[in-house]
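Model, not experiment: these values are computed from the prediction. Quick note on labels: first sequence line is chain A, next is B, and so on, each numbered from 1.
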Amino acid sequence: MTELPKAYEPSFVEEKWQTRWMSEGCFHANPQSPKPAYSIVIPPPNVTGVLHMGHVLNNTIQDILARRARQEGKEVLWLPGTDHAGIATQARVEKELARENPPRTRYDLGREAFVARVWEWKEKHGGIIIKQLKKLGCSCDWERERFTMDDVYAPEVARVFTELFREGLIYRGRRMVNWDPVLRTALSDEEVIMTPTKSKLYTIRYKLADGSGQLLVATTRPETIMADVAVAVNPKDPRFSHLIGRTVIRPLCEAEIPIIADDHVEIDFGTGALKITPAHDRTDFEVGMKNNLEIIDILTPDGRINCPGCPELHGMDRFAARDKSIELIDAKGLLEKVEEYENNVGISQRSDVPIEPRLSMQWFLKYPCVKEAAEAVASGDIVFRPAHWAKTYAHWLEGIQDWCISRQLWWGHRIPVWYRKDKAAELRGATKLDEADAEAGDIYVGVTPPADPENWVQDEDALDTWFSSWLWPFSTMDEACRAKFYPTSDLVTGPDIIFFWVARMIMAGYRFAGGKPFSNVFFTSIVRDLKGRKMSKSLGNSPDPLDLIAKYGADGLRFGLMRIAPTGTDVKFDEKQIEEGKNFANKLYNAARFRMMQGEAVTDPAPKFTAVHIDILAKLKDLHKSVADALAKYEFNTYTQALYSFFWNEYCSLFLEAVKNDLREGSDPAVRNATLFTMDTVLRHYLALLAPIMPHITEELWESLGFASRHGGTPLMTTELPCPDALLSGLDDSAVSKARATASALYDAANRARNLKAEYNLATNRKVRFILKPALPVDADLATRLALLAGSQSVTCDAAFDAPKGTPTAITPLGELFLPLEGLVDVEAERNRAAKELEKISKEIAKSQVKLSNPAFVDRAPAAVVDQERSRLNDWLTRKTQLESMLAALS
RNA sequence: GCGAAGUUAGCUCAGUGGUAGAGCACAUCCUUCACACGGAUGGGGUCAUAAGUUCGAAUCUUAUACUUCGUACCA
């Protein structure tokens, strides 16, 4: 036993327990269980993903909740899985193809072969993140792992599409969408990030067609001039009212275009005249529709100019064309001026390039159950934590727009719509398709292909990935599971996907699963680096959690991260904090090792509990409560901090130091028994309280301390939480508080004794003798413990002690403590020291006296506060007298 | 523009009206038989700024500054 290594080595232990938990089915949820249900669905990570700090934070929290729920006697389902992540996964495989020799594109392979290739890639590399989650110790029911495109899940997506289509909520239409020219697909509004960008504002002269003058127009996008179909001015703008209805010459790809009036134009901005380009700008499109203007599209799907009428620009990339078009205009003498300008540009979240507003045929969804979703959060039926996210959520729902759900991708759920072969071309070009066309027999919408597939062609597009993930809380469950575990209890996720995922799941829950998908949503902090930047691969500021696990252990990583994870704000990641987690694991291991060295506890003779024993058991009971409170409020850092300070400060630094003598040879066997018994009790309860956050080491120590065998050999993770009520059951409250007061006085006195030693520059290991003039009854046991804690040879109680002149003294709750130091005290230095302290203390006394002589304070402040102030003043006055007599003796 | 969150020790963060806290870092001391991934002691904060409410404000109110996030947009 004593040959256990001095330092805790996590890697072996962690792997051992992960294997054992799984082989014993500890994570498996039983829908038939009579126990109350607790359930959580994992936010499915991208199947292409690798674990990052955000995942660690997120999943550690979920694991704490799940493990604690098991200890509380609940049947727990933590349902894992991965997301097919359409764009990310497709891009990954396309990149692989591009690296081949010769390089290939998906078009070279064709749709079927390409999709097969992605599946192949997924089988080979897709499981990485799942393996990583297992290394972190996540107690998911791995037998129920789902994938958003597996055989069970995919038909659900098609079924939901079909149902919403029949209901008229899904339609195909020609609309302005966000177009990503690199990925060549439409994106939803949520996938576009408006980014302030430095650009240039060009002012260009548009000549009046009749040659009578010119109109100045300001634009940031001169490359789209060829698609201008009008110039608009505000109808209330007196500068231009005479021009309305006349025409100007479009400066590139010259043609006559009208000057129109539209109140969308701001009089004060730019020149007050706005070029109207309906094909390439959202608001221009609306102005165009209102005024029945033509739509001229001069961009290709990959963002190049498509305008044979302007050969200098035709075929050119959109950004190159911007510069070139200005050159052309300048050459024509039509460039008035160029200004530096900062505007907001929509950037694709996926490919990081500016998106193009583009008119195209896409599938849209009018969201179902918006009202129910808004109401659920507003009424508190679904609770958001931190609460302020409810406002963001409500705001989004108020301004909600139809969701563009089609993507021009191959990897994903293909849209379950088929067109009649003989009318396919016509149908695809139609500006609107809905349930009426299905009824007419022109299109077929269903979960399975039509019975006569040779007569139909399927829609080419795939669905937005989120259109499958929004079904995650229920489509992952079979009927039995749903009956037991839906709605789920908690959802733990990042606030960055509140719209993408959380809001949509709530709507889907009401529409398809008969009610809310979860009762609580906990939004985690976003993990940033020390400079406050988001962690990302490109910045290289994102540590690999597996490296951290190798260095500090999964338990250390979990504990360290939870200790700094605040609620409601971002967390700045500092590896030092993770090191703390590891150090803590080591401390725990050594405290357990210390216990193991002492051998079995015996109950004969009956244990003799002293104040320090009762004190630590009472603190343990308090810890039960603070842990329960913190978890009930989802305050994970409070939870972690309470566990940390109890163990390190209260148990190790105070209690263990105070009882060490009890374990040495020649000690009273009854006291020794009390100490061993107390250590066992504390460790047994404490390991259980700590287990949710540090599951591996607690499980290991639970076994090696022999607690497992006492519980029928079951692992800690499936053992119910020990009941705090059993602690101190034989004692009444007043006996407990008396013991606590004594222990607290002892620890306080020990501190002051150590202070004295340090003040007189006595080395820590120097054995000194203290003399105590007791103010309370101090028995031999207490005096011995004080001596031990103070690092001294002895503390002698002597009520009649007459201190020699200048003896260093401290006032403690147990009485006056003297440190006789014959020949060691420098009288001069001692006088200076005392004078300095006297000065300091006099200031405090003056302050306190002013406060206490203020009638407003004495009358209005609570009595306890006033009493406290008075007793503080008394202590100072006593010390003052002492110092004064010391000074008198020294001079 | 609008909205939200934040600003406390060198660093990372606690602290919701009653003597400013923890861990790390720093300084000095200690390898004493659980732990040097440890122990002991110490230095270090006008709690962003300003005004107000109060006997008393890090805490409540208002304004300002800065940081981060969300959202809306004017070419």
Side-chain angles (χ1 to χ4, degrees), chain A residues 2 4 6-8 194 201-203 217-221 232 264-277 281-284 341 343-344 386 388-389 391-392 395-396 399 495-496 498-499 526 528 530 532-534 552 556 560 563-566 568-574 576-577 579-598 635 637-638 641 644-645 648-649 652-653 656-657 660 663-664 751 754-759 761-767 790-791 844 847-848 851 854-862 864-866 868-869 872:
Chain A
T2 49
L4 282 170
K6 279 181 158 191
Y8 175 60
M194 297 306 282
L201 184 66
Y202 303 96
T203 304
V217 175
T219 181
T220 52
R221 302 207 57 194
H264 174 74
V265 182
E266 299 269 331
I267 295 175
D268 299 332
F269 187 86
T271 60
L274 172 64
K275 76 190 200 66
I276 301 297
T277 320
D281 185 279
R282 246 166 212 250
T283 49
D284 287 9
Y341 185 64
N343 62 341
N344 275 337
H388 68 256
W389 289 110
K391 211 164 174 177
T392 307
H395 182 248
W396 183 74
D496 46 336
I498 186 168
F499 309 136
I526 290 177
R528 299 175 174 281
L530 282 174
R533 300 174 304 182
K534 231 175 181 169
Y552 306 109
R563 235 180 125 209
I564 52 162
T569 46
D570 295 347
V571 54
K572 286 192 197 149
F573 178 77
D574 184 354
K576 284 266 183 234
Q577 304 290 334
E579 199 181 337
E580 284 309 290
K582 179 196 173 177
N583 292 350
F584 183 68
N586 193 58
K587 185 79 178 175
L588 176 66
Y589 166 81
N590 274 294
R593 194 165 72 102
F594 179 54
R595 171 64 192 89
M596 287 174 219
M597 288 170 171
Q598 312 305 327
E635 287 173 359
N637 53 349
T638 309
Q641 196 52 46
Y644 182 94
S645 74
W648 203 303
N649 303 333
C652 292
S653 297
L656 283 188
E657 295 304 329
K660 271 185 176 168
L663 304 169
R664 294 196 176 134
N751 260 331
R754 283 193 296 244
N755 288 350
L756 273 187
K757 251 179 99 173
E759 243 173 275
N761 289 324
L762 300 174
T764 316
N765 59 351
R766 185 182 174 120
K767 291 293 174 197
E844 293 292 342
K847 238 165 85 180
S848 185
K851 200 166 178 182
N854 179 355
F857 172 69
V858 179
D859 296 347
R860 296 205 212 169
V865 174
V866 179
Q868 198 186 2
E869 189 66 39
R872 204 155 57 202

Handout entry: Atom-pair distance (CD on A:Gln598; P on B:rA34), nearest Å
Key = 8 Å

Handout entry: Proximity to the side chain of A:Asn583 - top-ranked nucleotide from B:rC37, B:rG23, B:rA75
Key = B:rC37

Exercise for the section: Among B:rA40, B:rA75, B:rG18, find the nucleotide with the atom closest to the side chain of A:Arg754. Expected result: B:rA40

Practice task
Find out whether A:Phe584 and A:Arg563 are in side-chain contact, i.e. whether some heavy atom of one side chain is under 4.5 Å from a heavy atom of the other.
Solution key: no

Completion exercise
Taken to the nearest whole Å, CG/A:Asp859 to P/B:rU54 is 16 Å

Handout entry: Donor-acceptor pair (no angle test) under 3.5 Å: A:Glu657 side chain, B:rA34 base
Key = yes

Practice task
List for me each residue that meets ring pair (Phe, Tyr, Trp, His ring centres under 6.0 Å) alongside A:Tyr8, sequence neighbours excluded, and say none if there are none.
Solution key: A:Tyr589

Problem - Whole-Å C1' distance, B:rA58 and B:rU49 - result: 14 Å

Practice task
Ignoring the backbone of A:Gln577, work out which of B:rC24, B:rG23, B:rG39 is nearest its side chain.
Solution key: B:rG23

Exercise for the section: Hunt down the Watson-Crick or G-U wobble partner of B:rG3, both distances under 3.5 Å, from any strand shown, or write none. Expected result: B:rC69

Exercise for the section: Kindly indicate whether the side chain of A:Lys587 and the base of B:rC37 share any N or O donor-acceptor pair separated by less than 3.5 Å? Expected result: no

Exercise for the section: Take atom CG of A:Asn343 and atom C1' of B:rA72, then tell me their distance rounded to the nearest Å. Expected result: 15 Å

Handout entry: Listed partners of A:Arg221 passing salt bridge (charged side-chain N to carboxylate O under 4.0 Å, His left out), at least two apart
Key = A:Glu223, A:Glu356

Below 3.5 Å is the cut-off: list the nitrogen or oxygen pairs between protein and nucleotides 26-29 of chain B, distance only.
from   : atom 1 : to       : atom 2 : distance (Å)
B:rC29 : O2     : A:Thr764 : OG1    : 3.3

Practice task
Respond yes when some side-chain nitrogen or oxygen of A:Ser645 is under 4.0 Å from OP1 or OP2 of B:rA22, and no when none is.
Solution key: no

Exercise for the section: Looking at every strand, decide which applies to A:Lys582 at a 4.0 Å heavy-atom threshold: base, sugar-phosphate, or nothing. Expected result: base

Check the interface with nucleotides 65-71 of chain B: list each N/O to N/O pair with the protein under 3.5 Å, or write none.
from   : atom 1 : to       : atom 2 : distance (Å)
B:rU68 : O2'    : A:Asp570 : OD2    : 3.4

Completion exercise
Separation of B:rG6 atom P from A:Lys572 atom NZ, nearest Å, is 14 Å

Completion exercise
Testing B:rA75, B:rA22, B:rC37 for proximity to the side chain of A:Gln641, the answer is B:rA22

Exercise for the section: Between B:rC37, B:rU19, B:rA4, spot the one nearest the side chain of A:Ala7, thanks. Expected result: B:rC37

Completion exercise
A:Lys851 meets the salt bridge (charged side-chain N to carboxylate O under 4.0 Å, His left out) criterion, sequence neighbours left out, with A:Glu869

Exercise for the section: Return the set of residues passing ring pair (Phe, Tyr, Trp, His ring centres under 6.0 Å) with A:Tyr202 (not counting sequence neighbours), or none when no residue passes. Expected result: none

Practice task
For A:Asp574 and for A:Gly270, find the nucleotide of RNA chain B with the closest heavy atom, then tell me which residue's nucleotide is more 5'.
Solution key: A:Asp574

Practice task
Provide, to the nearest angstrom, the distance between the NZ atom belonging to A:Lys851 and the P atom belonging to B:rU54.
Solution key: 18 Å

Exercise for the section: Quote, to the nearest angstrom, the C1' distance that separates B:rG44 from B:rG6. Expected result: 24 Å

Exercise for the section: Could you tell me whether the phosphate oxygens of B:rA4, OP1 or OP2, come under 4.0 Å of any side-chain nitrogen or oxygen in A:Lys391? Expected result: yes

Exercise for the section: Could you list the residues that satisfy side chain to side chain contact (heavy atoms under 4.5 Å, CB included) with A:Phe269, not counting sequence neighbours? Expected result: A:Glu266, A:Tyr341

Exercise for the section: Take atom C1' in B:rA57 and the same atom in B:rU46, then report the distance between them in whole Å. Expected result: 14 Å

Handout entry: Side chain to side chain, A:Leu663 and A:Phe594, heavy atoms closer than 4.5 Å
Key = yes

Exercise for the section: Tell me, please, which residues at least two apart from A:Lys587 pass salt bridge (charged side-chain N to carboxylate O under 4.0 Å, His left out). Expected result: none

Completion exercise
Output for pair (A:Ile564 CD1, A:Gln641 CD), nearest 0.5 Å, gives 12.0 Å

Exercise for the section: For B:rU59 versus B:rA34, give the span between their P atoms, rounded off to a whole number of Å. Expected result: 47 Å

Problem - Donor-acceptor contact present, side-chain A:Asp281 to main-chain A:Ile276, <3.5 Å - result: no

Exercise for the section: Would you mind reading off the distance between A:Asn637 atom CG and B:rG21 atom C1', rounded to a whole angstrom? Expected result: 15 Å

Practice task
Assign A:Asn751 to base, sugar-phosphate, or nothing according to its heavy-atom contacts below 4.0 angstrom with the strands shown.
Solution key: sugar-phosphate

Exercise for the section: Could you tell me which nucleotide pairs with B:rA57 by Watson-Crick or G-U wobble geometry, both distances under 3.5 Å, or answer none if nothing does? Expected result: none

Exercise for the section: Using a heavy-atom cut-off of under 4.0 Å over every strand shown, decide if A:Val265 touches base, sugar-phosphate, or nothing. Expected result: base

Problem - Mate of B:rG23 where both pairing distances stay under 3.5 Å, Watson-Crick or G-U - result: B:rC11

Problem - For atom CD of A:Gln868 and atom P of B:rG56, their distance in whole Å - result: 18 Å

Practice task
Side chain of A:Tyr341 only, please: which of B:rA14, B:rA22, B:rA75 is the nearest?
Solution key: B:rA75

Exercise for the section: Give the rounded distance in Å between these two atoms: NZ of A:Lys576 and P of B:rA25. Expected result: 6 Å

Handout entry: Any-strand Watson-Crick or G-U partner of B:rA63, both distances under 3.5 Å
Key = B:rU49

Fill in the blank from the handout: Among B:rC74, B:rA34, B:rG18, the one nearest any side-chain atom of A:Lys660 is B:rA34

Exercise for the section: Looking only at non-hydrogen atoms, find the nearest pair between A:Ala7 and A:Asn586 and report the distance. Expected result: CA-OD1, 3.4 Å

Practice task
Taking atom P in both B:rC24 and B:rG42, compute the distance separating them and give it to the nearest angstrom.
Solution key: 15 Å

Practice task
Could you measure between the two P atoms, the one in B:rG52 and the one in B:rG18, and give it in whole Å?
Solution key: 22 Å

Practice task
Mind checking A:Arg872 for me? I need base, sugar-phosphate or nothing, with any heavy atom below 4.0 Å counting as a touch.
Solution key: base

Practice task
Determine the contact category for A:Asp268: base if any of its heavy atoms lies under 4.0 Å from a base atom, sugar-phosphate if only primed atoms, P, OP1 or OP2 are that close, otherwise nothing.
Solution key: nothing

Practice task
Please measure how far the C1' atom in B:rC30 lies from the corresponding atom in B:rA36, and state the result in whole Å.
Solution key: 10 Å

Handout entry: Nearest-angstrom distance, C1' atom, B:rU54 to B:rU62
Key = 16 Å

Practice task
Looking only at side-chain atoms of A:Ala861, point me to the closest of B:rG18, B:rG38, B:rA75.
Solution key: B:rG18

Completion exercise
The nucleotide from B:rG18, B:rC37, B:rA34 with an atom nearest the side chain of A:Leu656 is B:rA34

Exercise for the section: Have a look at A:Pro862 and say if it touches a base, only the backbone sugar-phosphate, or nothing, with a 4.0 Å heavy-atom cut-off. Expected result: base

Problem - Residue A:His388, side-chain heavy atoms: nucleotide from B:rA34, B:rA5, B:rU12 that is nearest - result: B:rA5

Problem - Under the ring pair (Phe, Tyr, Trp, His ring centres under 6.0 Å) test, residues paired with A:Tyr552 that sit two or more places apart - result: none

Exercise for the section: Check whether any side-chain N or O of A:Trp648 sits under 4.0 Å from OP1 or OP2 of B:rA34, and answer yes or no. Expected result: no

Problem - Watson-Crick/G-U partner (both atom distances under 3.5 Å) of B:rC37 - result: none

